[in-house]
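As a basis for the values below, the full set of heavy atoms in this structure was taken, side chains included, without hydrogen atoms, waters or symmetry mates. These figures come from a predicted structure and were not determined experimentally. Lettering follows sequence order; numbering is per chain, from 1.
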Amino acid sequence: MFLAQDPTLQDFGHDTWWLVLIKVVAVFAFGMVCTLLGVWFERRVVARMAVRPGLNQAGPFGLLQTLADGLKGAFKEDIMPRTADKVVFFFAPTVAVICAMTSMSVIPFGPMVSIFGHRTPLQVTDVPVAVLLILACSGMAVYGIVLGGWASGSTYPLLGGLRSSAQMISYEVSMGLSVVAVFMLSGTMSTSQIVEAQASGKEYELFGATISAPGWYAILLAPSFIIFFIAIVGETNRAPFDLPEAESELVAGYMTEYSSLKFLLFMLSEYVAMVAMSAATATLFLGGWRAPAPITTIWAGANSGWWPLLWFFIKVVLLVFVFVWLRATLPRLRYDQFMRLGWRVLLPINLVWILSLAALQVYRDPETGDGKYVILGGFLVGIVLLALLWPSGKRAPGKPLEEQIKSRPPGSFPIPPMDLQVPPSPRARRAVAEREPANVGAGSGGDRADKES
Amino acid sequence: MSTGEAVTFWIMVWPALAGALGMVLSRNAIHSALWLVLTMLCVGVFYVLQSAPFIGLAQIIVYTGAIMMLFLFVLMLVGRDASDSLIETLRGQRLAAVVLGIGFAALVGTGVYRALDDRTANGLEQANANGNVQGIASLLFTKYVFAFEVTSALLITAAVGAMVLAHIERRRGEKRTQPEMMRARFAPGNYPGPKPGPGVYATSDSVATPGRLPDGTLTDRSISQILPTRELTPAESAPKGTEK
């Protein structure tokens with residue numbers, strides 16, 4: 001049992017080459033396995049929510065269905081469209097996969113562990129700007145989609161690609177701003193240090209007992225957490241923000257012309273990005289690999305050794321479940337609604353929240369002297385302004401339905417009468433006819449049978 | 001240079017050069033932009049190599065992630081076949097440009113090389129003593145705060161100026177907004193839905209039978225104009241006793 005198990009930045013970069021190789025291969029395998037299980041998980045959960053059995057044919061619980069689909073996809077004909085830009089068409093899916101996989105390299109999966117006698121953190125690498133690397137990877141992942149859409153040389157993929165680029169640029173702003181709040185509280189940009197900063201909250205004395213506040217930034221920075229999660233749903237092109245591949249408008253968006261392995265690579269990148277972004281959310285806001293309080297109070301060793309891998313995996317699975325839940329529940333947004341949400345709702349809320357958080361940090365700083373009163377005054381003025389300028393939501397009560405219909409000008413769209421009686425179903429007539437086969441005279445027998453029943 | 005730095009430098013220098021040359025030489029505007037993206041990524045790695053990880057990643061996020069993306073966006077809107085024209089408008093211009101460009105690059109390269117040949121980095125440890133990000137932040141928000149704010153004011157001015165220049169004043173009513181179009185769609189006299197197919201609520205599946213609107217009236221628009229409107233009589237529409 002080691003107590004000093006939190007890796008510091010000095011612990012990184014000293015691994016031997018085979019240890020680095022093991023870690024890289026393990027993270028790659030984690031991404032691949034998560035894709036295989038993720039597709040299965042998504043289809044099972046969506047089926048459950050739609051009251052269907054879902055996958056249950058290949059393997060136990062249909063677990064091998066994704067593998068079968070993948071193998072089948074790999075053996076399909078690889079079609080290169082005549083108007084495609086061949087080189088870019090080939091490279092676009094690989095760009096998407098590489099970017100999604102790379103962002104997993106700075107995710108801390110656990111504390112210091114011992115691998116073949118070497119003490120090493122369960123993380124491929126960490127740098128002082130690790131979170132920026134995640135942002136950079138998600139920014140570069142757009143290239144895969146945009147170039148795939150452009151290189152296909154047809155209209156729908158191009159529209160999907162253009163949508164995707166506009167969407168990702170818009171939502172990356174909100175995403176970056178929510179991460180700023182995390183930086184402000186933790187004072188670092190390295191992922192392992194952010195996990196360490198969430199280990200324990202502030203201790204308060206309450207009626208003689210010491211109570212420690214929650215350390216998770218999901219609680220301390222709840223607005224940032226919510227906005228970050230909305231932004232990563234937009235960033236990974238998942239429903240309800242899957243406008244680049246909106247199948248009701250754009251066939252399959254940027255993937256329309258892709259087939260065989262290249263199409264599979266796009267699917268792989270989508271699921272790896274989903275897992276990587278869930279892992280990033282768990283790291284930044286949900287305490288990373290640390291078990292939450294009830295577990296640690298009962299079992300002190302929950303955060304040492306290889307156990308944290310389990311806690312981390314549970315958190316990632318829960319977040320992936322939220323992704324799937326959103327997909328099963330919400331309809332796709334219209335494009336202008338989506339853009340309005342990003343620029344007019346998420347961004348202003350985030351800016352105001354960061355400003356007040358910064359003011360709060362300065363206010364609590366013991367070195368701040370008279371500045372405290374300025375901040376307090378600013379807050380009060382802000383609240384008063386907000387109360388004065390808040391748009392009143394009261395509307396005049398509408399007219400009843402009958403009057404609304406009567407006041408419609410002539411030539412309006414015809415609507416059925418209000419006391420409409422549903423005509424008898426033609427199927428009922430047939431049931432009667434089956435009971436009374438015979439020489440029913442044309443036009444009379446069926447009608448009478450209806451009236452009797 | 002330490003060994004690792006040298007190895008990474010000599011690996012990354014070729015894609016950086018290839019990207020720069022490819023950007024100049026490729027005919028297609030989008031291919032040019034992609035070569036430039038490659039060079040910018042390599043430049044980002046070089047920054048990280050030289051103990052400036054924050055600038056390196058900011059380079060990748062801001063330049064490759066956002067600015068080049070906007071470039072691509074505009075190029076794609078312009079059209080995928082927008083290649084450069086190869087007609088020389090000034091005679092001998094291309095040759096002169098090549099000679100002058102190579103000469104300028106050689107001058108700058110030798111100058112920088114001779115000036116920095118056997119220098120070692122000075123004060124790198126002091127600059128990064130409290131961490132790279134913290135070092136940049138403390139400089140930006142203390143010593144250079146005025147320059148920083150002036151730069152941002154300049155950028156905002158440029159953005160506002162571009163918006164003013166590119167903004168086309170439309171008279172009210174010239175372009176209908178989405179809510180206006182929806183209102184017009186449901187205004188009296190306009191049929192909002194798809195046209196009813198023949199045989200809707202009808203007693204026959206003949207194409208000559210007009211569809212019915214929700215209030216029960218027949219609509220002539222549902223049948224082809226060369227067909228006469230025809231509604232079956234009750235005797236014709238009743239079951240003929242053919243079932244069973």
Side-chain angles (χ1 to χ4, degrees), chain A residues 9 83 85 87-88 91 127-130 132-133 135-140 142-143 146-147 149-151 153 158 161-162 165-166 168-169 172-173 176 183 187-189 334 336 408-417 420 423 429-430 433-434 436-447, chain B residues 4 28 30-31 34 37 41 44 48 52-62 64-66 68-70 72-73 75-77 79-81 128 131-134 178 185-193 201 203 212-217 219 233-244:
Chain A
L9 277 175
T83 51
D85 188 307
V87 181
V88 181
F91 274 112
V127 281
V129 288
L132 294 189
L133 185 86
L135 283 181
C137 283
S138 76
M140 293 297 296
V142 200
Y143 276 96
V146 171
L147 293 179
W150 172 76
L158 183 66
L162 285 178
S165 64
M168 289 198 171
I169 289 174
E172 190 145 304
V173 179
F183 294 159
T188 172
M189 291 186 188
R334 213 172 56 213
D336 58 328
R408 280 151 49 99
S412 296
F413 180 64
I415 52 172
L420 176 72
R429 174 179 294 176
R430 191 188 301 155
E434 275 167 5
E436 285 181 36
N439 302 324
V440 184
S444 59
D447 284 349
Chain B
N28 189 319
I30 296 219
H31 290 170
L34 289 180
V37 167
L41 279 178
V48 175
F54 181 77
I55 296 190
L57 280 168
Q59 156 92 13
I60 292 177
I61 294 175
V62 175
T64 27
M68 286 314 293
M69 202 68 241
L70 282 180
L72 278 182
F73 196 86
L75 287 178
M76 286 177 189
L77 284 179
R80 68 190 298 266
D81 295 323
N128 281 343
N132 181 257
V133 185
Q134 285 83 349
Q178 198 263 344
R185 186 179 156 201
F186 286 99
N190 192 46
Y191 188 81
Y201 289 119
T203 48
R212 280 181 198 273
L213 292 178
D215 59 348
T217 52
T219 169
T233 58
E236 280 172 317
S237 66
K240 302 289 190 297
T242 49
E243 290 169 318
K244 283 267 169 74

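For A:V88, the part lying near chain B is the side chain, with the backbone staying farther off; criterion is any non-hydrogen pair under 4.5 Å. With a threshold of 4.5 angstrom between heavy atoms, A:V127 does not approach chain B through any atom at all. In this structure, chain A has no heavy atom under 4.5 Å from any part of B:V48. The contact between A:L132 and chain B is made by backbone and side chain atoms together, counting heavy-atom distances below 4.5 Å. A:M189 touches chain B through its side chain: at least one heavy atom from C-beta onward sits under 4.5 Å away, while N, CA, C and O do not.
Between chain B and the options A:G187, A:S165, A:G139, heavy-atom pairs under 4.5 Å are most frequent for A:S165. Residue with the most contacts toward chain B among A:V146, A:I169, A:V142, A:L162: A:L162 (heavy-atom pairs, distance under 4.5 Å).
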Does A:F91 form a side-chain contact (heavy atoms from CB on, under 4.5 Å) with A:L147? I'd like the steps, not just the answer.
CA-CA 9 Å; A:F91 274 112; A:L147 293 179; over 6 Å; no

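B:N132 has its side chain within reach of B:P53: a pair of non-hydrogen atoms, C-beta onward, lies under 4.5 Å apart. Proximity of B:I61 to A:E172: side-chain heavy atoms (C-beta onward) are separated by under 4.5 Å at one or more points.
Across A:A136 and B:I60, no two heavy atoms sit closer than the pair CB-CG2, 3.9 Å.
Put simply, CG on A:D85 and CD1 on B:I30 are 8.5 Å apart, with the number rounded to the nearest 0.5 Å.
A donor-acceptor contact shorter than 3.5 Å is absent between the side chain of B:T64 and the backbone of B:L41.
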